[in-house]
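Note sheet for the following structure.
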Amino acid sequence: MFIAQELRKKNIAEYLLYMWQVEDTIRAFDCSLGRIKREYVERFDYSDEQKEEELDWFGNLIRMMNQEGCREQGHLQINKVTLQMLIELHSQLLESPKFPFYNTAYYKVLPFIVELRNRGVDKQENEIETCFNSLYGVMMLRLQKKEISPDTQHAVKEISTFIGMLSDYYKKDKEEGLKFE
C-alpha cells in the first residue's frame, strides 16, 4: 500500500505495473490474507500499525478480486480504469499537434508494438496495453532470472522510454492540465 501510494503520485506507469505484480502476489498466496500476513507482510520493517494498514489494503484487494472474478487471472477494475485513462491520454496526445515529440516517440516504438501484438493471443489489444504487457512480461522474466534476448531488450528499452513519456504527460496533466488545442 505504501509503495503503491508513492508510485501513484510519482509515476503512473510504474504504479500500474506494481499493481499487476500485487495481483499476482495475492494469487501466489492463494488469495489468503493469513498467508500474506505470515509469509509476506511480516518480512517488512513496518510498525505494527503500518502492518495492519497493509493487511487491510490486501484484504480489500482480495475482496475485490473475488467480487470481480479475477482471483485466477485478469486485472482489478481499479487497474483497468488506470490503464484506460492512459489509453485515452495517449489518443489525445496523438491527435493534438502540440505534442510532436510524443508522436515521434510513438512512431519509433510502433513497429515493436505491431510485432508484439502479432505474437500475442489478442490481436485487437490496445497499443498501450500491449506496451504494458510487454514491460510486465520482461519484468517477470527478470525476476525469474531468465534470459532475455538482445532484440527483446532493445524493444523493451524503447517501449519503456515511450511509456515513461506517457507517464510524464499523465503527471503533468494531473498537476497542471495539458492544453491539447
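In what follows, residues are counted from 1 in the order of the sequence shown. Please read these numbers as outputs of a predicted model, since none were measured by experiment.
In this structure, Glu54 has no side-chain hydrogen bond (donor to acceptor under 3.5 Å, both in side chains) partners at least two apart in sequence or on a different chain. In terms of the side-chain hydrogen bond (donor to acceptor under 3.5 Å, both in side chains) criterion, residue partners of Arg27 (sequence neighbours excluded) are, by chain and number, Asp24.
No side-chain heavy atom of Val109 sits under 4.5 Å from any side-chain heavy atom of Ile163. Looking at Met65 and Leu76, their side chains come closer than 4.5 Å, going by heavy atoms from C-beta outward. Within the 4.5 Å cutoff, side-chain heavy atoms of Ile87 are placed close to those of Gln84. At a threshold of 4.5 Å between non-hydrogen side-chain atoms, the residues Leu55 and Glu52 count as touching. You'll find the side chain of Ile62 reaches within 4.5 Å of the side chain of Ile36, heavy atoms only. Counting only heavy atoms from C-beta outward, the side chains of Thr82 and Arg8 approach each other to under 4.5 Å. The shortest distance between side-chain heavy atoms of Lys172 and Leu178 falls below 4.5 Å. Here the side chains of Met19 and Leu61 are in contact, with some heavy-atom distance below 4.5 Å.
For the pair Glu23 and Gly74, the tightest heavy-atom approach, listed with the atom from each and the gap, is OE1-O, 3.7 Å. Nearest heavy atoms, Ala13 versus Ser167: N-OG, 3.5 Å. Minimum interatomic distance between Ser134 and Val156 (heavy atoms only, all atoms of both residues): O-CG2, 4.5 Å. Pairing each heavy atom of Ser96 with each of Asn103, the nearest pair is O-ND2, 3.9 Å.
Taking the six-membered ring for Trp and thresholds of 30 and 60 degrees, Tyr18 and Trp57 have nearly parallel ring planes, at less than 30 degrees apart. Using bins of under 30°, 30° to 60° and over 60° for the plane-to-plane angle, the ring pair Phe44/Tyr40 lands in the perpendicular bin. Relative orientation of the Phe2 and Tyr46 rings is perpendicular, given thresholds of 30° and 60° on the angle between their planes.
Distance check: Lys80 NZ to Ile78 CD1 gives 11.5 Å after rounding to the nearest 0.5 Å. Leu116 contributes atom CG, which lies 9.5 Å from atom CG of Asn133 (distance to the nearest 0.5 angstrom). Within the model, atoms CZ of Phe162 and CZ of Phe112 stand 12.5 Å from one another, a figure rounded to the nearest 0.5 Å. The OH atom of Tyr170 sits 9.0 Å away from atom CG of Leu89, with the distance rounded to the nearest 0.5 Å. Here the CG-NZ distance, from Leu110 to Lys108, works out to 13.5 Å after rounding to the nearest 0.5 Å. For the atom pair Ile26 CD1 and Gln21 CD, the distance stands at 11.5 Å (nearest 0.5 Å).
A donor atom on one side chain and an acceptor atom on the other are found under 3.5 Å apart for Tyr102 and His90. Side chains of Tyr106 and Glu127: a donor on one and an acceptor on the other come within 3.5 Å.
The environment of CD in Glu72 is sparse: at most 12 heavy-atom neighbours from other residues, nucleotides or ligands sit within 6.0 Å.
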What pairs of donor and acceptor atoms, side-chain ones from residues 141-150 against any protein atom, are under 3.5 angstrom apart with sequence neighbours left out?
from, atom 1, to, atom 2, distance (Å)
Gln144, OE1, Lys146, NZ, 3.1
Ser149, OG, Thr152, N, 3.1
Ser149, OG, Thr152, OG1, 2.9

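When ring centroids are compared, Phe29 and Phe58 stay outside the 6.0 Å threshold.
The pair Lys51-Glu42 meets the salt-bridge criterion, since a charged nitrogen lies less than 4.0 angstrom from a carboxylate oxygen.
Judged purely by atom type and a 3.5 angstrom limit, Asn126 uses its side chain to pair as donor or acceptor with the backbone of Ile128.
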Exercise for the section: Quick one: do Leu94 and Phe99 satisfy side-chain contact (heavy atoms from CB on, under 4.5 Å)? Show the steps, please. Expected result: CA-CA 7 Å; Leu94 284 182; Phe99 303 95; over 6 Å; no
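Looking at Glu115, Arg119, Glu125 one by one, the single match for side chain to side chain donor-acceptor pair (under 3.5 Å) with Thr130 turns out to be Glu125.
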